[in-house]
Structure formats: C-alpha cells, structure tokens
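Presented below is the structure to which this report refers.
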2 protein chains.
Amino acid sequence: MTPRPAGIKAVAARAGVSVGTVSNVLNRPDQVAKGTRRKVEEAIRELGFVRNASASTLKAGRSMTLGLVVLDIGNPFFTEVARGVEQAASERGYTVLLCNSAGTPSRQEAHLRFLEEQRVDGVLLTPVTEDSDRIERLRSRATAVVLVDEAGRGDCCSVAVDDVRGGQLAGEHLLATGRRRITYVTGPDSIRQCADRGRGLVEAVTAAGLDAHDTIRVLEVPELTGIEGRQSVERLLADGWSDAAFCANDVVALGVLGGLLSAGVRVPQDLALIGYDDIEFAATAAVPLTSIQQPAVQIGQTAAALVLDELTRRDEHAHQEVVFRPDLVIRRSTSS
Amino acid sequence: MTPRPAGIKAVAARAGVSVGTVSNVLNRPDQVAKGTRRKVEEAIRELGFVRNASASTLKAGRSMTLGLVVLDIGNPFFTEVARGVEQAASERGYTVLLCNSAGTPSRQEAHLRFLEEQRVDGVLLTPVTEDSDRIERLRSRATAVVLVDEAGRGDCCSVAVDDVRGGQLAGEHLLATGRRRITYVTGPDSIRQCADRGRGLVEAVTAAGLDAHDTIRVLEVPELTGIEGRQSVERLLADGWSDAAFCANDVVALGVLGGLLSAGVRVPQDLALIGYDDIEFAATAAVPLTSIQQPAVQIGQTAAALVLDELTRRDEHAHQEVVFRPDLVIRRSTSS
DNA sequence: TCGTCGTTTTGAAACGTTTCAGAATGGATC
DNA sequence: GATCCATTCTGAAACGTTTCAAAACGACGA
C-alpha cells in the first residue's frame, strides 16, 4: 500500500544529508566521503530505494539504453547477434531493448517509434525496409544508429557480411563437388539477403564457365521457416532435375532436409544440400549440414562497439562500414 | 544540431494553444475540438515531435510497458511464449521489454532490477530462482507480477503447464509401444521443469507395475543445448541398455537424434526417442520427433491477460493459477 | 589568529510531461 | 438580457532526478 516508492528525497532525509549527496553516491561515489557514503547506502537499503529511470533519463538527457531491432527472433542467427550486442553493451553499462520486427515494415516502424519515445541512446537496426526518414530523425536527435547485417550508405555505421560472397562460396563448393543442377530455395527477393546470396550463386556458376539458366533454378518460399522448407520439397523433387539445393538460410535448409529424408532421398548421394548461417542445429542435424558461416556473435559485438564509440567519442567518431567475410563449413550434407 | 528535440511546449506555441491542449490531443483526442486537434496535429508533424516517454512515465506514474524475463531465448519454446505475450499486450497498447536470463540467477536479478528502475507496470517472469524478495518488492510497488511456466505460490498469478503430467504422458507412450529400458536425458535437477518431467516418467513406470530402477536411467547433461545432446549419445549407447530415450526438451532431443542417426542407430526401430515442447524443428526433423506439446503462444497470451487484468481492475482482481495440460504428439521417432 | 586551498556538501533550478481546478466560449432557455 | 449548461481550453503545480555554483568544513602553514 505504499502509494509511491521511496525516492531520493526520502533517502536523503533518512541519512540526514541533502538530495545532492544521495545523487552523488549514486553517480560518483568516489567524490563522497566514506562515512557519508555508508550512511546513504544504509538508508537506501533500509528504504528499498530503487532509482527511477524515468526521472534520471529525463533530467540527464540520456538513458544508458540501446535499442536492437532484429528481423526474426525465431532465427537462431539473430539470437546470437543479440547475444553479442548484449554482451558488449553490458560491459559498458548499457542495457539493450530487444525488439523483433518479424520482417514486417509496420512492426519495424512501431518499434523504432517506441525506441525514439524511450530516448534510447543508440539504435542497432536490421532493416526490413530502409526507412530513411525515421533513421534520419533518430540521428537528428543525437541518437547513434548502426545498421546490422546490411551495408551502410555512408551516413552511418554498419556491420554486414558479404552475402554475395557467401552465395559464391556455396556455388563454388557445389560445383567443385560435381553438382551441375542447383535449386536455390529462397524467400522473396525483397529480402536483400536472399537476393544477394542468389546473385553470388549465379556469379559462381558463370565464373565456372557454365550457363546460369541451365544450372540454376529458383524455388521461392513465402517465408523462411522450417515448415515452408519442408513443404517445398515436393516441388523441389517434382521433375527429378536437381542434384543439389542451396537454401537461403539454415532454418529453411533443415526443413528441406527433413522433407528430403522422409521422402527417401539420400543426402548427399542423391541430392547435396547447403544452408546459410551455420546455426547450432546445422551441425547437429540428422545429416550434418554444410553451411555458410557468419560470425554472428562478433557481428553483434562489433555493432555495439560502433554505437558506443559514436556515443562516447561524438565528434571524433568516424562512421565505419565493417564487412565480414563468410566462411564455408563443410559437413556431410554435401560430401559423403 | 538540434540540441534538444521539440517538446510539447514548442508544439503548443506553433499551434497557438496551451500545453494542456496538446497533451489532450495526445491522450484524450475526443475531448478536443476538431479544428484545434487538426492544428495541433499539423504542428506535431511539422516539428517532428515525438513524445518523451520518460517525462510521461515520470508524471503519470505508469509506463504502459511490461517486462518479460525468459529462461532461454535460444529455445524456440520461449520465443513462442514471447510472441503470445507481445500479441496480447500490444492489443491493449502495452509494449513488452524482452529480457533473457539465460538460466543465470545473476542475470535474472539484473533484469528484474532494470525493469524495476524502468517502472514497468507489470512483470512476467520465468523464474530461474524464486527470488521472493525482489518479487515482493515489485509487488509492493504496485507492479503486477505473474509467474510463467511455474506454478504460483498463492500470492500472485501464474500460468504453468503440468510438467509431471507431461513426463507421465511420455512414459506411458513409451511403455505402450513396448519399451522397457528408458534413459531420461535431462539437465540439472535444479531446473524445476527437468525434475518434474522426470518425476512424471517415474510415476508412469510405477503405475504400470514396473520397477523404476530397472526401467529408468538418468543421463544428465550440463546444459539443455543441441551440442550437449549430441555429445551425450556416446554415453547413451555405451552399454546398449536403452531401447528408448526421453529428453527433457526438444533442443536436446534433436541433438540426440542427430547423434543417433550419424552413429547408425535406427530411430525408432533400435531406439525410440521422445522430446518435450514440440518446437517447430521437431516436426521437421530427419525423423519427425514425437514430443510433448505445450501451448506456448497461449501460455504467453494468458499470462499477459492476467497481468493486464491485475493492472486494469486492481481491487477486483483475484489471483489465478492457470495450469495447462500438455499433449502427446506422436510422430515417427517412437512409432514406425 | 588568519588566509588559503582542497575536499565535501548543499540547495535550487531545470528536464518535458500530465492533471485538474477553473476560466472562457457559445448556445439554449426563460 | 440574464441565466444556465456543456463543451473547450488554460496555466500552474507536480513527478524524481541531475547538475552546478556556491557554501561549509578542515587541515595546514605563516
């Protein structure tokens, strides 16, 4: 039945000091005499005082909080990215607000607005849509913004992985293992990652002196989920054309794998399979999945480091566009 | 170089009204004359005004925000729960702050403290540890608390699933399909879910007139991850004793499955396998996984509904302890 | 005893909202 | 023309912090 929780004033009264001193104990304890500090700390404990972040943020003009908007929290890849972000942020005393846009522009918009209202100090965004307006607005509010898993456009930091290169790696590997009829199982082309990875595949095929049209087919699924992957198998096998499948991510690939095996298709003998992201379940699948690895945790850490640098160094900060190189991880699904 | 973003005052000046009116447009638009409202809305647009949530929360004493602390965001089960919570919350205008305790008491503690500082209106907690102190404190701050995936202790709402029953279902099913030597692959007993599910298994065996010691073995893994599951297979197969394995969750079960298949063990012929949670990857696995299904999304929705009820109805609110029943979903991993 | 200087402590002024008692406005009604 | 309502609008007082100029204190040397 306490109407309002005890504030800094109550603490001050109890400890017999001024509010300024209590605030100092909270924010610069080293400038407070030891005895005083102890008294205040005891009062805090006795009253169960917990700092009111609203008031603090309002007055101080910063919230010590970062917003992270990911494309799909159901995809373990993003979970790992988030882990990296959180780790780097918490080391510097920042807390991360995790938001899931679920690939929906309207949800991305809603979350960005929320973060804006909360006056987060920085935003890490895996964009669904390049909503330049809102990003511009955030930046004009002195909010640091970094694009994650997306190349920047010069006006802000970004951390990405070269997806074209990743597609290339996948293509080269399949070709090297003798495959010549590759189905690319992918999501809508509006998802940049899907488009880029497909482009890389085409490049690899072309570079090998093959005709892309003869070598590659595209099988589009509406959503990058396991279910859709599994369901796509029927179409994948329909005419017996393919001797390999490259999936736009591991979640889909695992669905495809399940579908293939239960249809009696041997992987990799009858059909080679390669995924993307190298999530934990890939190594652990029935037929361990060859995949294109991305340094997920490191992406998160780097992105966080960039926002924090922009936040701390302000004027000296120069925007950077970090691009990681993906790696091929070969497992049984492509090489028996 | 706008030092501070435009506030309600600037909007008021621009629209030629008082701040009170602007606030009304924001919070009770129907009490404002249509013309005035339009003027204010235009000013808001022109200035790019975004409400400052800190100030709002500070003054109004509520943040329209809920905190959700989950045990393991890497487990798709919790992702689904979160989805349910978010859905129910956003329908009522609340935003959810998602936190991951990762099974660590200190992280749970840190997140609860953060949520307390943020003055969230309600907290949904999947407890690592029953930190009654902090929960008590939250509740004394007029913060609604509901326990998720954990039975309550009478003093707050809770939404749980009967894990003992789930373990029973698994046990009964394995016995019904003729298995008599069951290994229970589980995490530390300190995780309540693991303990309860194991208890259910024992009950099923005992109820069938069998001796639990002769019928059940326990194989403990340090963490409920796919890797650990896969690695446990060696021990699982060591003496050829088992004809079935029951895993404490699907993430582990899928790891075990991968290990079994690549060791040449046929599932279910040589060894039946059953998981828990019925995550999406279960249906989609190489050998589709029999599992104990929990209504994850519904758990989230219900939990959110309970907090919101406590928040809205206050005095009339009566604490409820909702317990869902788990369901057996039979797939190929236990029945060819 | 008096300065002086460094360390602590103080107290009041914001920060940007919400809220609410009351003032203005403008019809209706007598 | 006076009165009464309902509808709109106003303005000032919080909300709980942080911050900063200035005051208080103490130790020290002159």
Side-chain angles (χ1 to χ4, degrees), chain A residues 2-41 43-44 47-65 93 116-121 141-142, chain B residues 2-41 43-44 47-65 93 116-121 141-142:
Chain A
T2 327
R4 289 254 186 182
I8 220 182
K9 258 193 203 137
V11 173
R14 173 136 200 156
V17 300
S18 74
V19 294
T21 300
V22 176
S23 178
N24 282 338
V25 170
L26 256 28
N27 301 307
R28 5 178 137 50
D30 39 308
Q31 295 189 21
V32 176
K34 213 162 174 190
T36 319
R37 192 163 80 209
R38 249 208 317 280
K39 268 192 308 182
V40 172
E41 279 163 351
I44 287 178
L47 294 173
F49 165 85
V50 173
R51 168 213 257 105
N52 183 326
S54 305
S56 174
T57 297
L58 174 58
K59 181 69 226 267
R62 74 191 135 49
S63 58
M64 296 302 283
T65 268
E116 214 174 331
E117 292 187 350
Q118 296 295 314
R119 298 294 192 266
V120 295
D121 298 334
R141 246 182 229 312
Chain B
T2 329
R4 289 256 189 181
I8 220 182
K9 259 194 200 133
V11 173
R14 173 132 200 162
V17 301
S18 74
V19 293
T21 300
V22 176
S23 177
N24 283 337
V25 169
L26 256 26
N27 301 307
R28 359 176 141 52
D30 40 307
Q31 294 189 21
V32 176
K34 212 161 173 190
T36 319
R37 191 163 79 209
R38 250 206 318 279
K39 269 192 307 184
V40 172
E41 280 164 349
I44 286 178
L47 294 173
F49 165 82
V50 174
R51 167 216 255 104
N52 182 326
S54 306
S56 175
T57 297
L58 174 58
K59 182 69 226 270
R62 73 191 136 48
S63 60
M64 295 303 283
T65 268
E116 213 174 332
E117 292 187 351
Q118 296 295 313
R119 299 292 192 266
V120 296
D121 298 335
R141 247 182 229 314

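Keep in mind it's a predicted model, so treat the numbers as computed, not measured. Here is the naming used below: chain letters follow the sequence lines, and residue numbers restart at 1 for every chain.
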Handout entry: Members of residues 15-29 of chain A that approach DNA chain D, where some heavy atom sits under 4.0 Å away
Key = Gly20(A), Ser23(A), Asn27(A), Arg28(A)
Exercise for the section: Please assess Gln118(B) against Thr65(B) for the test side-chain contact (heavy atoms from CB on, under 4.5 Å), listing each intermediate value before the final yes or no. Expected result: CA-CA 9 Å; Gln118(B) 296 295 313; Thr65(B) 268; 5.7 Å; no
Practice task
With heavy atoms under 4.0 Å as the rule, sort Arg119(A) into base, sugar-phosphate or nothing.
Solution key: nothing
Handout entry: Nearest-angstrom distance from the residue atom NZ of Lys59(A) to P of dT17(D)
Key = 14 Å
Fill in the blank from the handout: Regarding the side chain of Leu58(A), the nearest nucleotide among dT18(D), dC15(C), dT17(C) is dC15(C)
Exercise for the section: Find the distance between CZ (Arg37(B)) and OG1 (Thr21(B)) and round it off to the nearest 0.5 Å. Expected result: 13.0 Å
Completion exercise
Taken to the nearest whole Å, CZ/Phe49(A) to P/dG16(D) is 10 Å
Fill in the blank from the handout: When rounded to whole Å, the CZ to P distance for the pair Arg37(B) and dT7(D) reads 15 Å
Completion exercise
Side-chain contact check for Ala55(A): nearest option of dG16(D), dT17(C), dT9(C) is dG16(D)
Problem - Nearest-angstrom distance from the residue atom CZ of Arg141(A) to C1' of dG16(C) - result: 12 Å
Exercise for the section: Kindly indicate, with the supporting measurements, whether the criterion side-chain contact (heavy atoms from CB on, under 4.5 Å) is fulfilled by Arg14(B) and Val22(B). Expected result: CA-CA 11 Å; Arg14(B) 173 132 200 162; Val22(B) 176; over 6 Å; no
Practice task
May I ask you to verify if any side-chain N or O of Arg62(A) is less than 4.0 angstrom from the OP1 or OP2 atom of dT18(D)?
Solution key: no
Exercise for the section: For Arg51(B) and dT18(C), give me the distance from atom CZ to atom C1', rounded to whole Å. Expected result: 10 Å
Handout entry: Sidechain-backbone polar pair: Thr57(A) side chain, Ala53(A) backbone, donor-acceptor under 3.5 Å
Key = yes
Exercise for the section: To the nearest 0.5 angstrom, please state how far the OG atom of Ser18(A) sits from the CG atom of Asn24(A). Expected result: 8.0 Å
Handout entry: Protein-nucleotide distance (Asp30(A), atom CG; dG6(C), atom C1'), rounded to Å
Key = 15 Å
Practice task
Check every strand shown and say whether Thr36(A) touches a base, only sugar-phosphate, or nothing at a heavy-atom separation below 4.0 Å.
Solution key: sugar-phosphate
Exercise for the section: Measure the shortest side-chain to side-chain distance between Arg119(A) and Val50(B) over non-hydrogen atoms and say whether it is less than 4.5 angstrom. Expected result: yes
Exercise for the section: Give a yes/no answer on whether the side chain of Thr57(A) brings an N or O atom under 4.0 Å of OP1 or OP2 in dC15(C). Expected result: no
Exercise for the section: Specify the separation, in whole Å, of atom CD of Gln31(A) and atom C1' of dT10(C). Expected result: 14 Å
Handout entry: Gap between atoms CD1 and C1', on Ile8(B) and dT19(C) respectively (whole Å)
Key = 11 Å
Practice task
With rounding to the nearest 0.5 Å, note down the distance linking CG in Leu58(B) to NZ in Lys59(A).
Solution key: 12.5 Å
